[in-house]
Number of protein chains: 2
Amino acid sequence: MANTKHALFPEEQVSLAAFAGALAHPARIAIIGLLQERKEVCCGDIVKELPLAQATVSQHLKALDKAGLLHLRECGPKACYSLNCEAIRSFCHSFQCTLGTDQADHSAELEPAADCANRRS
Amino acid sequence: MANTKHALFPEEQVSLAAFAGALAHPARIAIIGLLQERKEVCCGDIVKELPLAQATVSQHLKALDKAGLLHLRECGPKACYSLNCEAIRSFCHSFQCTLGTDQADHSAELEPAADCANRRS
DNA sequence: TTGACTTATCGTATATCTACGATATGCGAT
DNA sequence: ATCGCATATCGTAGATATACGATAAGTCAA
């Protein structure tokens, strides 16, 4: 991003953030859904499905590819994309570990003390 | 984002993209890691841990809070944050479904035909 | 009330993102 | 070689993100 300080953070955090960033747009979520459903889709077919111009779709595909989430197969003039399932699984695993969704919910331990009320929320 | 067309996409895709966007920065990943580890941390302690100014940390906390990933408890002048585990679990579940990491790897079905070579990759 | 402390918000500069038309590039067929 | 198709890239405009200093606002203690 702008004047970013990513270099000051651990590699794993930067990597996870990049993965999240690749998914941080509805069009890219939609593209992944299409690839999930049809295994392999060419650029033109994606353009037909999304409310975006061809150049924009190509840009989103490039972003997903740059993040390592796609496989590209070229057949004649067509570019056929599929999911890089292994990479996605790997990222999801790191994600689970970081977000810790498998851990206990600590909310019970965080009952606000009687003398602590909310101010801004 | 800029001149965004999010409104043209299904609500679930927009929602997932927003979740991903909330995690699309190493600082926010780091904050979640801290909250995971210590259950509850106040803003000042996060500032001490990250290589960012207080204003910037506050901004990142706001982004996480806006995405619904945090709980805020105010104790005196301090703002104590903890994870909204329920929300995170919910998002992760949607994530799993969309990314389909539990599905079979189709790469075997996608062996390039003999007459299709790679051009740009 | 004053002062020290904590946090959020404002204002701002810069970089990146989003989106698209136009164009370039590559492929296969004629 | 030329044409038509498919896709990537370029150039650009406008919106958003990142980062920080300065400041506001609120809390507690004295």
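Heavy-atom basis, side chains included; hydrogens, waters and symmetry copies ignored. A note on names: the letters A, B, ... follow the listed sequences, proteins ahead of strands, and every chain is numbered from 1.
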- prompt: NE2 of A:H6 versus C1' of D:dT18: gap in Å, rounded?
  reply: 8 Å
Length of the CG-P vector between A:N3 and C:dC17, whole Å: 14 Å
message: Please report the distance, rounded to the nearest Å, between CD in B:E74 and C1' in C:dC5.
response: 15 Å
query: Once you round it to whole Å, what is the distance between C1' of D:dG26 and CG of B:L72?
result: 14 Å
field: Pairwise salt bridge (charged side-chain N to carboxylate O under 4.0 Å, His left out) hits with a residue in residues 58-67 of chain B, at least two apart
entry: none
- request: Check each residue of residues 48-60 of chain A for a non-hydrogen atom within less than 4.0 Å of any atom in DNA chain C, then write out the ones that pass by number, or none.
  value: A:L52, A:A53, A:A55, A:T56, A:Q59, A:H60
Expected output: side-chain A:S15 to main-chain A:E11 donor-acceptor under 3.5 Å: no
message: When you measure from the side-chain N and O atoms of A:R28 to the phosphate of C:dT18, is any distance below 4.0 Å, counting only OP1 and OP2?
response: yes
message: Please confirm whether the shortest side-chain N or O distance from B:H25 to OP1 or OP2 of D:dA19 is below 4.0 Å.
response: yes
statement: Hits for ring-ring contact (aromatic ring centres under 6.0 Å, His included) against B:F19, two or more places apart or cross-chain, chain-then-number order -> B:F91, B:F95
message: At less than 4.0 Å, is any side-chain N or O atom of B:K62 found next to OP1 or OP2 of C:dT7? Yes or no.
response: no
- prompt: For C:dT6, does OP1 or OP2 lie under 4.0 Å from any side-chain N or O of B:Y81?
  reply: no
Atom pairs and distances, side-chain donor-acceptor, residues 26-34 of chain A, under 3.5 Å, sequence neighbours left out:
unit_1 : atom_1 : unit_2 : atom_2 : d
A:R28  : NE     : A:A22  : O      : 2.6
A:R28  : NH1    : A:H60  : ND1    : 3.0
A:R28  : NH2    : A:G21  : O      : 3.1

Run the side-chain donor-acceptor check on residues 45-54 of chain B: report pairs under 3.5 Å with partners two or more places apart or on a different chain.
unit_1 : atom_1 : unit_2 : atom_2 : d
B:D45  : OD1    : B:K48  : NZ     : 3.4
B:E49  : OE2    : B:R38  : NH2    : 2.9

message: Distance check needed: C:dT18 C1' versus B:F9 CZ, whole Å only.
response: 11 Å
task: Taking only the side-chain heavy atoms of B:T4 (C-beta and beyond), determine which of C:dT18, D:dA19, D:dA8 contains the nearest atom.
output: C:dT18
- prompt: In whole angstrom, what separates A:I31's CD1 from C:dA19's C1'?
  reply: 14 Å
message: I need the B:Q59 CD to B:L64 CG distance, nearest 0.5 Å.
response: 12.0 Å
Pairing residues for A:P10 by the side chain to side chain contact (heavy atoms under 4.5 Å, CB included) criterion, not counting sequence neighbours: A:Q13
message: From the set D:dT7, C:dC27, C:dA8, return the single nucleotide nearest to any side-chain atom of A:C43.
response: D:dT7
task: Could you tell me the separation between the NZ atom of B:K5 and the C1' atom of C:dA19, rounded to a whole number of Å?
output: 7 Å
field: Closest to the B:A79 side chain, choosing from C:dA19, C:dT7, D:dT27
entry: C:dT7
- prompt: Quick one: B:L61 CG to D:dA19 P, roughly how many Å, whole number?
  reply: 13 Å
